[in-house]
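Residues: numbered from 1 along the sequence shown. Just so it is clear, the structure is predicted and the values come from calculations on it, not from any experiment.
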Amino acid sequence: MRTISKYLIALMALWMNVSNLSAQGWPEKYSGVMLQGFYWDSFDDTQWILFEKQADELAGTFSLVWIPQSANCGGTSMGYDPLYWFPGHYNSSFGSEEQLRSMIKTFKQKGIGTIADVVINHRKNVSNWVDFPQETYNGVTYQMTSTDIVKNDDDGATLKWASENGYSLSANNDSGEGWGGMRDLDHQSENVQNNVKAYLKMLLEDFGYTGFRYDMVKGYPASYTSMYNAYSKPQFSVGECWDGTSTIRKWIDGTKAGDAPTSAAFDFQFRYTVRNAANNGDWSRLGQQNDGNWPLVSSSYEQGSYRQYAVTFVENHDTEKRSNAAQDPLKKDTLAANAYMLAMPGTPCVFLKHWMAYKQEIQAMVEARKVAGITNTSSYTNMRSARDYYANLIKTDNENRLIVVVGSNTDGYQPNDQWQEILTGYHYKYYLAKNRETAWADKASGTYKEAFSTRLIAVSESADAQIVYTLDGTEPTASSKKVSSGTTIDFTEEGSYTLKAGLLVNGEVKGIITRSYTLKEEKPVEFAIPSFCTMGSDEVCAFFEAPVNWTSTIACWAWTNTPSDNFTYAQRKNWPGADCVKIGTTDEGYDVWKWTWDGTKQNNSSATQPTFIIFSNAGTPQTADLNFQNGGYYTKDGLKGVVSTGIREIPVDASGKPAAVYSINGMRLPQGTTADQLPRGVYIINGKKIIK
């Protein structure tokens, strides 16, 4: 009984800790780093099926991955025009519901929490201004009505339409900022609240999300975020309160349940101070306000008491450079910006484009953050501020942990002998406190395409500390290979290596670190055309491997310019032309479609095949104008190869006997030979060269 009592007490303590985490919105002393797993129109790079394959790589760096709103929006969409909320409608621009569930499950198995993008300020309609879809989930029907739309939606345009068409809106005006183009929801409505609560609980308990990123939280009072989080209990919650620090802080306070906020918020002013410094080449601006605003993580704002609830970032989908929108992007020094963010308190959120461009560098920065023990409630002191460099010392539990120096002159600040330089790159340096007593390797884990080196460093207060290491994944001992601090190990032969390195001090091994390396030199790879792609000897056709997010029927438009002649005219006279036929799916999950000319064309010219071809997703998006190659195998990037002519059957003569078949050397094969009896090769049948 005594053992059982201890067990029950431990279980209760664990439950209280989990409940406390849920109530806090963002855990105290949290050391994880989040990835924003998309950018604007990132449909190709962020397909669920492709992202899932990166789980092992992501797990080495990120604890959380924030993904786009994942339900069907009625067309190609980044998810900010939400239409459906519940299961059964999750085939989106990023993949199928099955693929989404598989990705979230795999992430969870690898220790990665998936953050859902929650868009509940507004919602898209089905067929008119005020109708919403009816959805049934677990036997309960959920549907919003016209009376769930705020009275002053779209500056009164919705009310005018509703009145003219026999509908009523809510009696309440919008309780926050309005947003035109879609219907603003009335969160005072009990029906809206019930729909939202069921939706959020479903995301956590059914799909397996870990938490939420709330979009446009200024559209409704923060008290509703508190209500929704208290009901659904996410482990992590962060709101997009795009404003000055005072407004962000008030929003965080507004999410409180009891004494604790139920949500963190993005630290927009942190982003702007970094942008100001990098874009202007004036690094002293990291220690200055942005238009009268200190960042949430700043020591100058509320003594840093809001750091726990600050999710820092230096770029996102709304600030990045985009050709179709006026943005204010980070124009240079991406690495220095990330190095500064990843050294500072708060919870850093790395932008996907930055991760894709600088994986090894960012991974090394995150590893340094982990070794230093920096959390969202760490503190910092500015050591030096100048136009050409800026240096901060970061502490955890009042202990010196890391110094970050950024700027065009990182040698402008030299710390004393209590610090060891561990990372250096373009416009940034990291120094780790020697009392961390650890080995360090300055090359991050990963796959490298050419020979590389890693430098082993002893971070120790003992001047005679050495490094012992192994390359086969075994634990290093005092008898393992010994080297002095600063020794470089070269990796020149292809293969996989598990480096384990530790400090050797007074015969004791400690501070062991692990790096997993793969050297695989990049070699030209011949594009492999799927074996199910075949064509007849007289066939005029083309094949198209569609991007994963091209989900509807693929259409083909094929033509010549001189004289004007459309080869899809008989199948469909107008754009987008003829429907292709799906013939298979590649091992990587891409559908392959085939267009075959039916022998007719717009005019009676002598052209026997088109000059140009376009493939489209039933009209949009589409490929560029591509040069036609008979039997050509295309992707959205153009021609990748040509399908060889195959023998479907050997022609027969008037008497029904198979035609004569000759080898390429002119030898006639036995009479009656059929196509399935022929080995692979080149043959002559009825005077034509045929390839099997």
Original post:
Does Arg384 make a cation-pi contact with Tyr389, if we ask for NZ or CZ under 6.0 Å from the ring centre and within 45° of the axis?
Top reply: no

Original post:
Is Arg101 positioned over the aromatic face of Trp48, cation under 6.0 angstrom from the ring centre and no more than 45 degrees off axis?
Top reply: no

Decide whether [X] and [Y] meet the rule of one side-chain donor and one side-chain acceptor closer than 3.5 Å.
| X | Y | result |
| --- | --- | --- |
| Thr106 | Glu52 | yes |
| Thr319 | Asn316 | yes |
| Ser408 | Asp388 | no |
| Trp26 | Ser237 | no |

Do [X] and [Y] have side chains that get closer than 4.5 Å, going by heavy atoms?
| X | Y | value |
| --- | --- | --- |
| Tyr30 | Gln308 | no |
| Lys429 | Thr410 | yes |
| Arg285 | Tyr272 | no |
| Tyr340 | Asn392 | yes |
| Leu58 | Ile112 | yes |

**OP:** Without swapping roles, check the side chain of Glu315 against the backbone of Leu330 for a donor-acceptor pair under 3.5 Å.
**Re:** yes

Original post:
Going by the angle between their ring planes, with limits at 30° and 60°, are Trp40 and His317 parallel, tilted or perpendicular?
Top reply: parallel

**OP:** Take the angle between the ring planes of Tyr209 and Phe207 and call it parallel below 30°, perpendicular above 60°, tilted in between.
**Re:** tilted

**OP:** Pick out which of Asp44, Thr46, Asp45 makes a side-chain hydrogen bond (donor to acceptor under 3.5 Å, both in side chains) with Ser42.
**Re:** Thr46

Does the ring center of [X] lie less than 6.0 Å from the ring center of [Y]?
| X | Y | result |
| --- | --- | --- |
| Tyr448 | Phe491 | no |
| Phe51 | Phe94 | no |
| Phe107 | Trp66 | no |
| Phe268 | Phe313 | yes |

**OP:** Have a look at Asp328 and tell me which of Lys321, Arg322, Arg271 forms a salt bridge (Lys or Arg N to Asp or Glu O under 4.0 Å) with it.
**Re:** Arg271

Subject >> Test log, rule side-chain contact (heavy atoms from CB on, under 4.5 Å), inputs Ile115 and Val65 >> reply: CA-CA 6 Å; Ile115 301 298; Val65 175; over 6 Å; no

Subject >> Separation of Arg515 CZ from Gln363 CD (nearest 0.5 Å) >> reply: 8.0 Å

